[in-house]
Undergrad: 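Just passing along the structure, written as structure tokens.
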Amino acid sequence: DGLLLACKFIQHLAVEKIEARIGMHRGLVVVQYNSLTERMDIAGNSINVGARLEPMAHSGEVLISEDLRYHPDVQEERFIFQQQQRALKKAVGSQQQGDVVECYSVRLRAETT
């Protein structure tokens, strides 16, 4: 459902001539108080990976990790996936800036829109 929403959101923004891009990963997140911003925030590896995918996406693109692409809950018939090789703009985990990672550009099939 999150992937469907992301794709539809990008489509809607395009109609309004608003450029955006989305990076997505899957996994556990922690909701915790951030003393720097003095509000609740989310943290975790899945947030970090998604945050690293987003700047690698082109305007109007949803870019997802391999983990999300092959998650059993993803309804593959709703989407068109295009495998990509993109260079990280910032390190994440054991991967360094400039490392090439496999990811997937996603868009909705015409009958899903």
Side-chain angles (χ1 to χ4, degrees):
D1 290 344
L3 185 54
L4 179 64
L5 176 65
C7 291
K8 286 189 175 204
F9 184 60
I10 288 290
Q11 283 181 338
H12 177 74
L13 291 175
V15 168
E16 299 296 326
K17 308 274 191 269
I18 299 171
E19 293 185 12
R21 58 183 180 228
I22 296 176
M24 295 179 72
H25 183 60
R26 65 167 300 278
L28 297 175
V29 297
V30 176
V31 178
Q32 60 190 21
Y33 182 76
N34 182 326
S35 59
L36 188 61
T37 62
E38 298 182 347
R39 63 181 186 174
M40 298 303 287
D41 204 351
I42 54 176
N45 187 55
S46 59
I47 300 299
N48 296 335
V49 173
R52 297 309 180 266
L53 288 169
E54 180 268 329
M56 295 188 310
H58 303 300
S59 181
E61 183 178 43
V62 176
L63 199 61
I64 66 170
S65 67
E66 188 173 19
D67 285 354
L68 181 54
R69 163 65 181 93
Y70 292 107
H71 190 275
D73 289 342
V74 172
Q75 298 172 339
E76 295 191 28
E77 67 278 0
R78 300 177 106 175
F79 306 100
I80 298 169
F81 299 96
Q82 185 175 10
Q83 186 177 11
Q84 302 288 318
Q85 302 286 322
R86 306 261 175 105
L88 285 170
K89 296 187 181 211
K90 188 174 178 183
V92 61
S94 63
Q95 296 174 312
Q96 300 302 309
Q97 179 180 351
D99 286 356
V100 175
V101 296
E102 185 171 301
C103 49
Y104 295 83
S105 179
V106 184
R107 64 183 201 274
L108 292 174
R109 292 193 184 277
E111 61 273 6
T112 307
T113 58

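Keep in mind it's a predicted model, so treat the numbers as computed, not measured.
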Undergrad: Could you tell me whether Gln83 atom CD has more than 12 heavy atoms of other residues or ligands within 6.0 Å of it?
TA: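 Check passes, neighbour count above 12.
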Undergrad: Would you check if Met56 and Val101 make a side-chain contact, meaning some heavy-atom pair closer than 4.5 Å?
TA: yes
Undergrad: Should Val29 and Val49 be regarded as members of a common hydrophobic cluster, given that ILVMFWY residues are connected when their side-chain heavy atoms come within less than 4.5 Å of each other, either directly or indirectly?
TA: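 No, Val29 does not connect to Val49 through the hydrophobic network.
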Undergrad: Of Glu61, Glu54, Glu102, which meets salt bridge (charged side-chain N to carboxylate O under 4.0 Å, His left out) against Arg86?
TA: Glu61
Undergrad: Once rounded to the nearest 0.5 Å, what's the spacing between atom CG of Leu68 and atom CG of Asp73?
TA: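 Separation between the atoms: 10.0 Å.
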Undergrad: Would you find more than 12 non-hydrogen atoms of other residues, nucleotides or ligands less than 6.0 Å from Phe9 atom CZ?
TA: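 Open: at most 12 neighbouring heavy atoms sit under 6.0 Å from CZ of Phe9.
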Undergrad: As a quick check of understanding, evaluate side-chain contact (heavy atoms from CB on, under 4.5 Å) for Ile80 and Arg109, giving each step before the final call.
TA: CA-CA 6 Å; Ile80 298 169; Arg109 292 193 184 277; 3.8 Å; yes
Undergrad: As an exercise, state the distance from CD1 of Ile10 to OG of Ser59, rounded to the nearest 0.5 Å.
TA: 7.5 Å
Undergrad: Taking the side chain as C-beta and beyond, is there a heavy-atom pair between Phe81 and Ile64 under 4.5 Å?
TA: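 Counting from C-beta outward, Phe81 and Ile64 do come under 4.5 Å.
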Undergrad: Report the distance from atom CD of Glu76 to atom CZ of Arg69, rounding to the nearest 0.5 Å.
TA: 4.5 Å
Undergrad: Would you say His71 has more than 12 foreign heavy atoms packed within less than 6.0 Å of its NE2?
TA: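 For His71, atom NE2 is crowded (more than 12 foreign heavy atoms under 6.0 Å).
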Undergrad: Considering only heavy atoms from C-beta outward, does the side chain of Gln97 approach that of Lys89 to under 4.5 Å?
TA: no
Undergrad: Could you tell me the separation between the SG atom of Cys103 and the CG atom of Leu88, rounded to the nearest 0.5 Å?
TA: 8.5 Å
Undergrad: May I ask you to decide if Leu28's main-chain N or O and Ser46's side chain share a donor-acceptor pair within less than 3.5 Å?
TA: yes
Undergrad: Minimum heavy-atom separation for Pro55 and Ala51, please, with both atom names.
TA: CD-O, 3.0 Å
Undergrad: Looking at side-chain heavy atoms only, is the closest gap between Leu63 and Tyr104 below 4.5 Å?
TA: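 No. Closest side-chain heavy atoms not under 4.5 Å.
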Undergrad: With rounding to the nearest 0.5 angstrom, report the CD to CG distance, Gln75 to Leu4.
TA: 8.0 Å
Undergrad: Would Ile18 and Ile22 show up in the same hydrophobic cluster when neighbours are defined by side-chain heavy atoms closer than 4.5 Å?
TA: yes
Undergrad: Please walk me through it: do His25 and Asp67 pass side-chain contact (heavy atoms from CB on, under 4.5 Å)?
TA: CA-CA 7 Å; His25 183 60; Asp67 285 354; 3.3 Å; yes
Undergrad: Of the non-hydrogen atoms in Val106 and Cys7, which two are nearest, and what is the gap between them?
TA: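 So the minimum-distance heavy-atom pair works out to CG1-SG, 3.8 Å.
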Undergrad: Decide yes or no for Met40 and Val31: does some side-chain heavy atom of the first lie under 4.5 Å from some side-chain heavy atom of the second?
TA: yes
Undergrad: Flag yes if more than 12 heavy atoms outside Arg21 fall under 6.0 Å of its CZ atom; otherwise flag no.
TA: yes
Undergrad: Say you draw a straight line from CG of Asp41 to OH of Tyr33; how long is it, rounded to the nearest 0.5 Å?
TA: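 Here the rounded value is 11.0 Å.
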